[in-house]
Amino acid sequence: MLVLGIETSCDETSSALVIDSQVVLSNFIATQLDLLRKYGGVVPEIAARRHAELIGYVINEAVTSAGKILTDVEAIAVTSKQGLIGCLLVGVAAAKSLSYVLRVPLLGVHHIEGHIFANLLSNPRLPMPHICLTVSGGHTMLVYVRDYCQYELLGSTLDDAAGEAFDKIAKFLDLGFPGGPVIDKLATRGNRKAYNFPRPLLKAGTLDFSFSGLKTAIINAFKHRLAGGAVLPLEDIAASFQEAVVDVLVAKTWRAARQRRVSAVSVTGGVSANRRLREVFRETCQMEGIEVFFPELPLCTDNAAMIAAAGYARFRRGEVADLNLNVFPNVPFEV
Ligand code: KG4
Ligand code: ZN
């Protein structure tokens, strides 16, 4: 089945054509980086207006770059759950219109389920069950993936998401937005043992996360030097901060894997692009005797191919929406 995916939950306007949760024919992403840099982050109203400007163009690009025409599309999948309300509404309105005009099924997708499917798209042999760490700017979650569309939420962040911590530390250090890629790059030249920053909830038995204390510890440690005009050792701060985040993410994921006795873990979401995170996961997976899977880089951050893939899986279960499909900005991840 040829599924057109639409993703507008935050700051990427994306559309994709995917066959059967397996073959990505196109995955067009228009970022709002210019706006993000100008305002230092996502401004919901401005992001929604940009989606409205771009959505028609982006869908057209996804279809034509795949060598198809709109009437080839057999279903429309759209992110309808979790995200910024105005942004979600733009994608859902476009999806409803297309579904009505083309007379094809409409499929509402939870954004987090999309991230889980990013890994299944990149790694068709990813075994079930497995543990998925989904970690981005809006969420940090450990999910037991029993099978397709069958999930158990094991832990999530109590405050900031891991990507949010990257973004906030980068903002504090005046490194620009988004912070993840720039800290990732700076850290390659830094000493990760230069500072022993806190590893929140690392020793606690829980599978929940907390990153706001780490962020505050770093801000408190350097704000006076920064205000006094001192030149900070940015590479060392970046490397030490990143190491603290990676330590916590990896340790909790392995704890979950051991508790559930799975043979594989997957890592997804924007932060899964992080080089050090991938390195540490790969190193430790050999010791643990567990396989680790990551999406290809274009599928780590928000994109519509993952939404199309998840939508098809929902279609297979008979879960088809109608034109009353609504948006749910804060709905918990369904398990
Ligand atoms: O999945 P995504 O595009 O959007 C959300 O669903 O939030 O993730 C964006 C987040 C941002 O916080 C960004 O700083 C982070 O992913 N990110 C990274 C890297 N690339 C993106 N964090 C660490 N290292 C990276 N290389
Ligand atoms: Zn996301």
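Position 1 is the first residue of the sequence; numbering continues from there. As the structure lists them, so they are numbered: ligands from 1, and atoms in each ligand from 1.
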Q242 to ligand 1, any heavy atom closer than 4.0 Å: no
Sub-4.0 Å heavy-atom approach of C10 to ligand 1: no
Before signing off on this row, confirm whether [X] and ligand 1 have an N or O atom pair separated by under 3.5 Å.
X	value
N274	yes
F166	no
G270	yes

Quick one: are [X] and [Y] in side-chain contact, heavy atoms under 4.5 Å?
X	Y	answer
V78	L107	no
S266	T134	no
V143	I131	no
R255	L142	no

Check [X] against ligand 1 and report side chain, backbone, both or neither, counting heavy atoms closer than 4.0 Å.
X	result
R275	neither
T301	both
D302	both

Salt bridge (charged side-chain N to carboxylate O under 4.0 Å, His left out) partner of E279, the single match among R275, R276, R282: R276
Measure the distance from [atom] to every protein heavy atom, then report the residue, atom name and distance (to 0.1 Å) of the closest one.
atom	result
atom 9 (C) of ligand 1	G137 N, 3.8 Å
atom 22 (N) of ligand 1	G180 CA, 3.2 Å
atom 26 (N) of ligand 1	D184 OD2, 2.8 Å
atom 5 (C) of ligand 1	S136 OG, 3.2 Å

Presence of salt bridge, E243 and K193, under 4.0 angstrom: no
Salt bridge flag under 4.0 Å for residues K81 and E113: no
May I ask you to list the atoms of ligand 1 that are less than 4.0 angstrom from any heavy atom of [X]?
X	answer
H115	1 (O), 6 (O)
H111	6 (O)
D167	11 (C), 12 (O), 13 (C), 14 (O)
G163	12 (O)

Candidates E45, E53, H51 - the one meeting side-chain hydrogen bond (donor to acceptor under 3.5 Å, both in side chains) with R49: E45
Distance-only donor-acceptor check, side chains D160 and S212, under 3.5 Å: no
Under 3.5 Å side-chain donor-acceptor pair for E12 and T31: no
If only protein N, O or S atoms under 2.8 Å count, total around the Zn ion (ligand 2): 3
Over-ring placement of R37 relative to F177, 6.0 Å and 45° cut-offs: no
Main-chain N/O of G179 paired to D167 side chain as donor or acceptor, under 3.5 Å: yes
Plane angle bin for H115 and H139 - parallel if under 30°, tilted between 30 and 60°, otherwise perpendicular: tilted
Close aromatic pair by centroid cut-off 6.0 Å: F172 and F222: no
